[in-house]
Amino acid sequence: MRTIEEIEVELGEVSAAIRAIVTGAQSYDLGTRSVTKADLSQLRALRGELMSELGDAEGGGVRLITWRGR
């Protein structure tokens with residue numbers, strides 16, 4: 001399991017990438033080369049997963065436990 005700090009760092013990086021895309025940096029050209037960043041929907045999904053992982057690491061996760069009885 002990763003540490004809270006590791007998850008927070010990755011969450012910050014993903015959030016920065018989302019901000020970059022939202023402000024118009026989805027793709028750009030450098031001379032004869034073209035650069036395209038990650039898909040916004042994939043980054044948002046990853047951010048959700050990281051937030052869930054962070055909640056679990058902080059002890060705030062919710063888990064469903066069933067009991068079958070005898």
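This one's a predicted model, so the numbers in the text were calculated from it and none came from an experiment.
- A pairwise comparison of heavy atoms in Ala17 and Leu43 identifies CB-CD1, 3.9 Å as the closest pair.
- Linking ILVMFWY side-chain heavy atoms closer than 4.5 Å, directly or via other members, places Ile4 and Val9 in two distinct hydrophobic clusters.
- The backbone N or O of Thr3 lies less than 3.5 Å from a partner atom in the side chain of Glu6, making a donor-acceptor pair.
- In terms of modelled atom types and a separation under 3.5 Å, the side chain of Ser52 and the main chain of Gly48 share no donor-acceptor contact.
- For the pair Glu8 and Leu54, the tightest heavy-atom approach, listed with the atom from each and the gap, is CG-CD1, 3.9 Å.
- Rounding to the nearest 0.5 Å gives a distance of 9.5 Å between CD of Glu49 and CD of Glu10.
- When atom types are taken as modelled, the side chain of Asp29 and the backbone of Gly31 share no donor-acceptor pair closer than 3.5 angstrom.
- One distance of note links OG of Ser15 with CZ of Arg44; it measures 11.0 Å at 0.5 Å rounding.
- Rounding to the nearest 0.5 Å gives a distance of 8.0 Å between CG of Leu46 and CD1 of Ile18.
- Summarising the geometry of Ile7 relative to Leu50, their closest heavy-atom pair is CG2-O, 3.6 Å, with the distance given to 0.1 Å.
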